[in-house]
Amino acid sequence: MRIIGIDPGLRVMGWGVIDMVGSRLHHVENGQCRSKGDSLADRLLSLHQQLSDVMARLSPTAAAVEQTFVNRDGAATLKLGQARGIALLVPAAAGLVVGEYAPNHVKKSVVGVGHADKSQVQHMVKIQLAGATPVGADAADALAIAICHAHHLQTGAKWASAKGAA
């Protein structure tokens, strides 16, 4: 199974693709979509086009996106939500079911602590995905989201298997 993790952002949207073979995870590629344009619509279109290109080139079979946290700046939260809409739309348009995970859940899944900092996440991503060199913090976060989704899928498969055996 090939999983894409997406860390939504209006300026920079991180993405990371991993392959899951049994219980083993392998790094495929990672990167960042940088929005271009003067208007919000142009920036969102730019993100949509770049992420669509990644999807077409790498053909993931599963997707996961980080949930947005609400902060005090309502306008910034709304803009981030619009970028998150692109992160959900692109894989959904490719026919994928999209998993969604809270930031603390992703950190706990990858680092073991829900309030880990970015450097801890990057370190654990490199350990869990031998040879992976994230191109930036957003790409590292996206790889962490993909790892979290892989763990979720593995746990679900084990649960379904155990339930079926009962």
Side-chain angles (χ1 to χ4, degrees), residues 1-35 44 47-70 77 80-118 120-130 132-160:
M1 176 177 290
R2 180 163 283 188
I3 303 168
I4 185 167
I6 304 169
D7 182 31
L10 185 57
R11 278 185 241 130
V12 179
M13 181 178 291
W15 58 269
V17 177
I18 63 172
D19 282 337
M20 180 174 69
V21 181
S23 62
R24 293 184 171 258
L25 303 178
H26 305 279
H27 174 257
V28 174
E29 195 173 327
N30 68 86
Q32 299 178 137
C33 302
R34 296 188 179 278
S35 64
L44 292 171
L47 292 172
H48 181 276
Q49 290 169 333
Q50 292 174 65
L51 190 56
S52 293
D53 290 346
V54 170
M55 293 285 297
R57 186 168 51 79
L58 297 175
S59 302
T61 56
V65 175
E66 190 171 73
Q67 292 175 340
T68 304
F69 61 91
V70 177
T77 300
L80 178 58
Q82 291 167 328
R84 187 169 178 277
I86 298 298
L88 292 166
L89 171 69
V90 171
L96 303 183
V97 174
V98 183
E100 299 178 65
Y101 301 95
N104 286 351
H105 184 79
V106 172
K107 292 173 184 177
K108 185 165 184 139
S109 178
V110 175
V111 179
V113 178
H115 294 287
D117 63 32
K118 285 198 177 277
Q120 290 172 303
V121 171
Q122 287 180 359
H123 178 72
M124 290 306 293
V125 163
K126 289 178 184 178
I127 288 174
Q128 292 185 40
L129 299 173
T133 305
V135 298
D138 298 299
D141 288 349
L143 286 168
I145 294 160
I147 292 168
C148 176
H149 192 56
H151 291 169
H152 176 78
L153 293 172
Q154 289 169 345
T155 303
K158 287 177 188 173
W159 174 254

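Quick note: numbers below take in every heavy atom, side chains included, and nothing from hydrogens, waters or symmetry partners. All of these numbers come straight from a predicted model, not from anything done at the bench.
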Judged by atom type as modelled, is there a donor-acceptor pair below 3.5 Å linking the side chain of [X] to the main-chain atoms of [Y]?
| X | Y | answer |
| --- | --- | --- |
| Gln128 | Val110 | yes |
| Gln120 | Asp117 | yes |
| Thr61 | Arg2 | yes |
| Asp7 | Ala139 | no |
| Ser35 | Leu10 | yes |

Quick one: does [X]'s side chain get under 4.5 Å of [Y]'s, heavy atoms only?
| X | Y | value |
| --- | --- | --- |
| His26 | Leu129 | no |
| Pro91 | Ile6 | yes |
| Val17 | Asn30 | no |
| Asp141 | Trp15 | no |

How far apart are the C-alpha atoms of Ile145 and Val65, what are their side-chain angles, what is the distance that settles it, and do they pass the side chain to side chain contact (heavy atoms under 4.5 Å, CB included) test? CA-CA 7 Å; Ile145 294 160; Val65 175; 5.8 Å; no
Residue pairs passing the ring pair (Phe, Tyr, Trp, His ring centres under 6.0 Å) test where at least one lies in residues 91-118, sequence neighbours excluded: Tyr101-His105, Tyr101-His149, Tyr101-His152
Counting only heavy atoms from other residues, nucleotides and ligands, does the tally under 6.0 Å from CZ of Arg34 exceed 12? no
Heavy-atom pair of closest approach, residues [X] and [Y]:
| X | Y | result |
| --- | --- | --- |
| Gln32 | Ala137 | OE1-N, 4.2 Å |
| Gly9 | Leu80 | CA-CD1, 3.8 Å |
| Ile18 | His27 | CG2-CA, 4.4 Å |
| His151 | Ser109 | ND1-OG, 3.0 Å |
| Val125 | Pro134 | CG1-CG, 4.3 Å |
| Ile4 | Ala146 | C-CB, 4.3 Å |

Determine, for Arg84 against Glu66, whether the closest basic-nitrogen to carboxylate-oxygen distance falls under 4.0 angstrom. no
I would like to know whether Asp138 and Met13 meet side chain to side chain contact (heavy atoms under 4.5 Å, CB included); could you show each step before the answer? CA-CA 7 Å; Asp138 298 299; Met13 181 178 291; over 6 Å; no
Return the [atom1] to [atom2] distance between [X] and [Y], rounded to the nearest 0.5 Å.
| X | Y | atom1 | atom2 | result |
| --- | --- | --- | --- | --- |
| Ile86 | Gln49 | CD1 | CD | 10.0 Å |
| Ile3 | Leu96 | CD1 | CG | 11.0 Å |
| Glu100 | Gln67 | CD | CD | 5.5 Å |

What residues, two or more places apart in sequence or in another chain, satisfy salt bridge (charged side-chain N to carboxylate O under 4.0 Å, His left out) together with Arg24? none
